[in-house]
Protein chains: 2
Amino acid sequence: MAAANQTISDRIQQKLDDLTRAERQLALSILENYPASGLGPLTALASSAKVSVPTVARMVQKLGYTSYPDFQADLREELGAIGKGPIAKQETWAGAAPSEHILNRFTDAVIDNIRNTLAHIDPVSFDEACRMVADQERHLYIVGGRITHTLAEYLFLHMQVIRPNLTHVQSTSNTWPHYLLNAREKDVFVIFDVRRYENNTLKLAEMARARGAEIILFTDQWHSPVHQLASVSFTSRIIVPSAWDSAATTMLLLESLISAVQTLTWDETKDRLQELEEMFDSTKLFRKFT
Amino acid sequence: MAAANQTISDRIQQKLDDLTRAERQLALSILENYPASGLGPLTALASSAKVSVPTVARMVQKLGYTSYPDFQADLREELGAIGKGPIAKQETWAGAAPSEHILNRFTDAVIDNIRNTLAHIDPVSFDEACRMVADQERHLYIVGGRITHTLAEYLFLHMQVIRPNLTHVQSTSNTWPHYLLNAREKDVFVIFDVRRYENNTLKLAEMARARGAEIILFTDQWHSPVHQLASVSFTSRIIVPSAWDSAATTMLLLESLISAVQTLTWDETKDRLQELEEMFDSTKLFRKFT
DNA sequence: GATTGCCTGTGATAATTCTTTCACAATTGT
DNA sequence: ACAATTGTGAAAGAATTATCACAGGCAATC
C-alpha cells in the first residue's frame with residue numbers, strides 16, 4: 001500500500017497525464033462513481049469502464065500499488081478516514097475552496113439562476129419554439145447583439161449542421177437591413193437581447209414582425225422590449241456576483257433547445273452529421289484519440 | 001440481494017435484537033466503521049470484530065443475503081447512491097414539464113456536470129490563473145477552435161473591457177502564425193480545446209510554449225493534448241443527453257474567472273468601464289430603460 | 001504511402017485469495 | 001446438566017486476480 005497524504009482521487013487526477021487513453025477512460029470511470037466502483041471486483045470495474053481486465057491491472061500498478069486488492073485496501077482506508085472526520089461539508093461546490101471563494105459563490109448563484117429560470121419556463125412554448133426552429137421550410141435568422149453575439153453564434157454553429165436555410169445576423173453591424181429584404185412570412189427569427197437592450201435589435205425585430213416573420217426571443221428577467229413582438233420568449237435569470245451578467249443559464253436553455261431540435265430532425269440530420277464526420281476525417285483537422 | 005428502501009445501517013440496527021452475542025458484536029463492529037469495514041474480505045472483518053469466520057457468514061444470511069459478496073454488493077450500491085448529492089436527483093426543474101422532458105433531463109445533466117467539475121477543481125490553480133490573466137504586463141492571447149470559438153470570443157469581449165494588450169486568435173484560421181511572431185516570454189495564452197481536439201490548436205500551443213509563453217487551458221474530462229503544455233488546466237464535464245457536448249459548465253468556469261479577474265483589476269477597470277459607459281451613452285446604441 | 005512502435009483487447013491459464021461449509025469441541029447461560 | 005451459541009481447524013469449492021502471448025489498430029515518422 002502506498003503512503004499518501006492526499007486522497008486517492010487526487011492522486012489519480014494527478015497521474016492522469018501519464019496514463020494512456022484506455023487507462024484514462026478507466027480512471028475517469030473510477031472518479032465518476034467514487035469510491036464505490038473501485039471497491040468491487042476487478043472484472044466488474046473493467047466492464048463498467050469498458051476496458052479490458054489487463055488494462056485495469058496495468059493501471060493499478062502505474063498508480064503505485066502492487067495489486068488490485070492493495071489498491072482496494074487503500075480505498076477502504078480512505079473511506080474509513082472520512083467517517084471519522086467532520087463530515088459537514090457538502091454545501092460547497094469546490095470542496096477544496098472555502099465557501100466564500102468566488103468559485104463557490106458564483107456557482108451558487110448560477111445554480112440558483114437555473115432553478116429559478118426553469119421553474120418559470122413553459123414547456124409548451126418551449127416545444128413550440130423547437131418545432132419552429134426545426135421547420136426547414138422557414139428560413140431561420142439568428143440575431144445577436146454585442147454580448148449575446150456569442151450565444152447567437154453558438155446556436156448558428158449547431159444549426160448549420162442540423163439544417164440548411166439559415167442566416168446569422170449581427171444587429172451591431174450595419175448590414176442587417178439587407179438580410180431583411182429576403183425575409184418572408186412565417187420565417188423565424190431567433191433573437192438574443194439582454195440588458196442593455198440594443199436599439200438596433202429592437203428595430204430589426206419590428207421590421208421582421210412587419211414582414212410577417214415570427215420571433216423567438218432569449219432575454220433576461222427584465223424583458224427586452226422585443227418581448228412584445230415575440231411569439232415565444234425565454235426568460236433567464238442572469239444575476240451573479242460579478243460586474244457582469246451570466247450567460248450560463250441562457251446557454252443551458254439554448255443547448256436544451258438545440259438538443260430538442262436535433263431530436264425532431266434526426267432523420268435528416270444524421271446524414272448531414274455523417275457527411276460532416278467524413279469531411280473532418282479527410283481533412284485531419286481533428287485528432288481521434290489522446 | 002435484498003431490496004430495501006432503508007440503508008443497510010438501518011437494517012442492521014433493526015435486526016440487532018434478533019442477533020446473538022457474537023453476532024451483535026460483529027454488527028456493532030460493522031457500524032463502528034461503516035461502511036468501509038464491510039467492504040473488505042470476510043476474514044478481515046471477522047478478525048477486526050474478534051469473531052469467527054462462520055459467525056460472519058451466518059449473520060449475513062440472517063440479514064437476508066445469499067452470500068457475503070451479495071452483502072458487499074448492496075453496501076457498494078448504497079455507497080454509490082450517497083455520492084450523488086442531495087440537490088440534484090429528486091427535483092424536476094421545470095415543474096410544469098414531466099421529468100422525462102428534455103428540459104429536465106438536460107438540466108439534470110448540466111447540474112451533475114457542474115457538481116462534478118467543481119468537485120475536482122483546484123482553487124489554488126484557479127487563483128493562479130486569475131492572476132496571470134489579470135497581469136497587464138503580459139500580452140494576453142485568447143485561442144478558440146471550431147466550436148469553442150464562441151467561448152473564446154466571450155472571454156475576449158469581457159477582457160477587452162477589463163484590460164488592454166490582448167489578442168483574439170482563431171486556431172481554425174491560417175493567420176495565427178502571424179500573431180505568434182509577437183509572442184514573448186511570459187505572455188499568456190488562454191486556450192480552449194475540447195473534443196474533438198484540433199491539430200491546429202496543439203501546434204499553436206507548442207509554438208507558444210517554445211516561445212516561453214504560459215498556457216491556461218480550458219478542456220474537457222478527456223484532456224486535450226495541450227494539457228501537457230499548460231501551466232493551468234480547467235477540466236469541465238460536458239456530457240449531456242444530446243448529440244453534442246455542453247458548453248454550459250465551461251461557461252460557468254469562464255465567467256467565474258472573468259469575475260475574479262475583474263475584482264483583481266478593479267482599480268484600473270473601473271475607469272475603463274466609466275469611459276465605455278460614456279461612449280455608449282453618446283452613441284445611443286443602447287436604451288437606458290425598458 | 002509504407003514502416004515502425006505503442007497501446008489495447010482477447011483468450012487462456014495458473015496462482016492466489018476468498019468463501020462456504022463441515023464436524024466437533026469449548027463455552028456460556030439457564 | 002442441557003441447550004444454544006460460538007470457535008477451531010480444515011478442506012473443498014468458487015471467485016478473483018495476475019500474467020502471458022498474440023493480433024489488431026492507430027498514430028507518428030520518415
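Per chain, numbering begins at 1; letters A, B, ... match sequence-line order.
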Report the C-alpha separation of B:Phe156 and B:His158 in whole Å, then their side-chain angles, then the decisive distance to 0.1 Å, and conclude whether the ring-ring contact (aromatic ring centres under 6.0 Å, His included) test is met.
-> CA-CA 5 Å; B:Phe156 179 71; B:His158 286 90; over 10 Å; no

Would you call B:Asp135 and B:Arg138 a salt bridge, taking side-chain N to carboxylate O under 4.0 Å as the test?
-> yes

Does [N] have OP1 or OP2 sitting under 4.0 Å from an N or O in the side chain of [X]?
{"X": "B:Gln72", "N": "C:dC18", "value": "no"}
{"X": "B:Ser67", "N": "C:dT20", "value": "yes"}
{"X": "B:Thr20", "N": "D:dT6", "value": "yes"}
{"X": "B:Thr43", "N": "C:dT17", "value": "no"}

Can you check the [X] [atom1] to [N] [atom2] distance for me, whole Å?
{"X": "B:Arg24", "N": "C:dT28", "atom1": "CZ", "atom2": "P", "value": "17 Å"}
{"X": "B:Asn199", "N": "D:dA27", "atom1": "CG", "atom2": "C1'", "value": "11 Å"}
{"X": "A:Leu42", "N": "D:dA15", "atom1": "CG", "atom2": "C1'", "value": "12 Å"}
{"X": "B:Phe71", "N": "C:dT20", "atom1": "CZ", "atom2": "C1'", "value": "17 Å"}
{"X": "A:Asp70", "N": "D:dT16", "atom1": "CG", "atom2": "P", "value": "19 Å"}
{"X": "B:Lys50", "N": "D:dT5", "atom1": "NZ", "atom2": "P", "value": "24 Å"}
{"X": "B:Tyr68", "N": "D:dA14", "atom1": "OH", "atom2": "C1'", "value": "16 Å"}
{"X": "B:Met59", "N": "C:dT20", "atom1": "CE", "atom2": "C1'", "value": "16 Å"}

Taking the side chain of B:Pro54 as heavy atoms from C-beta outward, which of C:dT8, D:dT8, C:dT20 is closest to it?
-> D:dT8

Under 4.0 angstrom, heavy atoms only, what part of the nucleic acid is [X] near: base, sugar-phosphate, or nothing?
{"X": "A:Arg58", "answer": "base"}
{"X": "B:Gln61", "answer": "sugar-phosphate"}
{"X": "A:Val51", "answer": "sugar-phosphate"}
{"X": "B:Pro69", "answer": "sugar-phosphate"}

Report, as yes or no, whether the 6.0 Å neighbourhood of atom NZ on B:Lys203 holds more than 12 heavy atoms from other residues, nucleotides or ligands.
-> no

Can you tell if the side chain of A:Ile258 reaches within under 4.5 Å of the side chain of A:Leu155, non-hydrogen atoms only?
-> yes

Among A:Thr263, A:Thr269, A:Asp267, whose side-chain hydrogen bond (donor to acceptor under 3.5 Å, both in side chains) with A:Thr265 holds?
-> A:Thr269

